[in-house]
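Here the structure is laid out as structure tokens; the discussion comes afterwards.
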Amino acid sequence: MDPDLEVTEIVDRTVRAGGPALLFERPKGAQHQLLINQFGTERRMCLAFGVESLDDIAKKLSDVLEMQPPQGLMEKVRGLQRLKSIADSRPKTVRKGPVHDVVLQGEDVDLSLLPVMRCWPDDPAPFITLPAVITRDPRDGSRNVGMYRMQVIDRNTTFMHWQIHKDGRADWLATDGRIPVAVALGLDPITAYSASAPLPKHLDEFMLAGFLRGDPVELVKGVTVDLEVPAHAEIVLEGYIEKDDLGAEGPFGDHTGYYTPPEPFPLFHVTAMTMRRDAVYPSIVVGKPPQEDAWLGKATERIFLPAVRTTLPEIVDYDLPVAGGFHNLAIVSIRKQFPGHAQKVMHAIWGLGMLSLTKSVIVVDAHVDVHDYEAVTFYAGANVDPKRDIVISEGPLDHLDHAPERQFFGGKLGIDATAKWPEEGARPWPKEIEMSADVQELVDRRWSEYGLESVLPRQSTPSR
Ligand SMILES: Cc1cc2nc3c(=O)[nH]c(=O)nc-3n(C[C@H](O)[C@H](O)[C@H](O)COP(=O)(O)O)c2cc1C
Ligand SMILES: [Mn+2]
């Protein structure tokens, strides 16, 4: 199979059908196998994290975030266990790792050994799409790991697609000359996921990986760079990026569903390529949603809910629809406590980490299931007077958003779909229709008598 377009079409069909992960054993023109669609279903995502549902991951995090001073011995012991889980998250430096089984340097570096995919017809070149890009902030030495696509230029050069809001770019901009960079390809799925997680700049994504794995990420010293790299990666590319060394990157068929036009991005010069024997190259296709990355996004949505709640405890739940590319739309349910509360939450979202890039926010009341888009549409219609309940604001937008007049900056839309209070200018708000609980129970009990069981399973209306 050809990593030039053909694999994309195969994977696109497989992802949409909820199909399996795919290992291409002999990709055309390359020396290594190609793994793709490892994250493509909710079930595989849960397998990777060793949980029943993605909410269970969030639970582990909220246990730590909401730690209170313990009372009594049992609680103290439990508290210590939690503290240990934090202490164990720190990456561990080891002397050797299989990632150094094969070391290619200088003239021997050759990216064409890898089955790097050209994903869409107007992409000018193959792109490395599932990298964990490691840098250190030259000011304080803190590590950053991020997932940024890399367009291949020649056997030892790529672009580095560091968007304007991202931490890797900030590290680069803080250097005077040259910044060492290492790129890990082929990691355990939790560590690979962590590279895509929107952590605050000073937090090391490998620490999040260690915490979520319950086992530290093992690192070894790079061969040609002063950076540590994952000891168990399949492949590592080491090299550097210069401050003023830019070229025209793109176009690239992106997760917006459109080609992003060419833009200046820095060049990554590869000084060493190290790998396991028989290393497997991992890839992912982004494009018009849904694609495989939908599940990386959903993991972030679930994992970060407890962190969002530390600032906004009134939030019951939120949903970032896959079709909205995760920044075009956020649906938020709140426990409304005062007039204007929905507006307060919109503005908070527009000021919170990477959620600040959210273009539209819909706020609903606590009892509305934010994942039920029919229900959300119902309240966004029924509870909204557009003249009163629409907030138009402006602020930063995603680097890749092609809709605003200017790049990076434009309009924001807030829709307050909560029930309105008199103080908000509403007439007496009507009561929502709901069947009484005793009748629901009666019908539950008698269901078998109605003769409907063969056509309809017994099912009571979910009570709201
Ligand atoms: C498959 C995939 C590809 C991505 N490609 C890019 C990219 O090319 N450039 C970019 O800035 N962010 C990209 N992202 C998003 C970043 O990985 C994400 O914003 C991450 O939080 C960045 O790390 P940082 O916060 O440490 O900068 C991609 C995410 C995924 C899941
Ligand atoms: Mn970061």
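Below, all heavy atoms of this structure are taken into account, side chains as well, without hydrogens, waters or symmetry copies. Counting starts at 1 for both ligands and their atoms, in listed order. For the single chain, residues carry numbers from 1 onward in sequence order.
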Exercise for the section: Could you pull out all residues at least two apart from Phe409 that satisfy side chain to side chain contact (heavy atoms under 4.5 Å, CB included)? Expected result: Glu394, Arg406
Practice task
Using modelled atom types only, decide if a donor and an acceptor are shared between the side chain of Glu205 and the backbone of Val145 within a distance under 3.5 Å.
Solution key: yes
Exercise for the section: Mind telling me whether Phe265 and His161 have parallel, tilted or perpendicular rings, with 30° and 60° as the class edges? Expected result: tilted
Problem - Aromatic ring pairing Trp172/Trp162, orientation class (parallel under 30°, perpendicular over 60°, tilted between) - result: tilted
Distance dump, ligand 1 polar atoms to protein, N/O, under 3.5 Å:
| residue | atom | partner | partner atom | Å |
| --- | --- | --- | --- | --- |
| ligand 1 | 8 (O) | Arg149 | N | 2.9 |
| ligand 1 | 8 (O) | His161 | ND1 | 2.9 |
| ligand 1 | 9 (N) | His161 | O | 2.7 |
| ligand 1 | 9 (N) | His161 | ND1 | 3.1 |
| ligand 1 | 9 (N) | Gln163 | NE2 | 3.3 |
| ligand 1 | 11 (O) | His161 | O | 3.4 |
| ligand 1 | 11 (O) | Gln163 | N | 3.2 |
| ligand 1 | 11 (O) | Lys166 | NZ | 3.2 |
| ligand 1 | 12 (N) | Lys166 | NZ | 2.9 |
| ligand 1 | 14 (N) | Met147 | O | 3.2 |
| ligand 1 | 17 (O) | Met147 | N | 3.4 |
| ligand 1 | 17 (O) | Met147 | O | 2.7 |
| ligand 1 | 19 (O) | Lys166 | NZ | 3.0 |
| ligand 1 | 21 (O) | Ser196 | O | 3.4 |
| ligand 1 | 21 (O) | Ala197 | O | 3.2 |
| ligand 1 | 25 (O) | Asp167 | OD2 | 3.4 |
| ligand 1 | 26 (O) | Asn144 | OD1 | 2.9 |
| ligand 1 | 26 (O) | Asn144 | ND2 | 2.9 |
| ligand 1 | 26 (O) | Asp167 | OD2 | 3.1 |
| ligand 1 | 26 (O) | Glu205 | OE2 | 3.0 |
| ligand 1 | 27 (O) | Tyr148 | OH | 2.7 |
| ligand 1 | 27 (O) | Asp167 | N | 2.8 |

Handout entry: Partners meeting ring-ring contact (aromatic ring centres under 6.0 Å, His included) with Phe127 (sequence neighbours left out)
Key = Phe252
Taking the side chain as every heavy atom from C-beta outward, state whether [X] and [Y] have any pair of such atoms under 4.5 Å apart.
{"X": "Val286", "Y": "Arg149", "answer": "no"}
{"X": "Leu185", "Y": "Pro282", "answer": "yes"}
{"X": "Phe268", "Y": "Val183", "answer": "yes"}

Completion exercise
Result, protein N, O or S atoms below 2.8 Å from the Mn ion (ligand 2), excl. waters, equals 3
Exercise for the section: Check the surroundings of atom CZ in Arg26: do more than 12 heavy atoms from other residues, nucleotides or ligands lie under 6.0 Å from it? Expected result: no
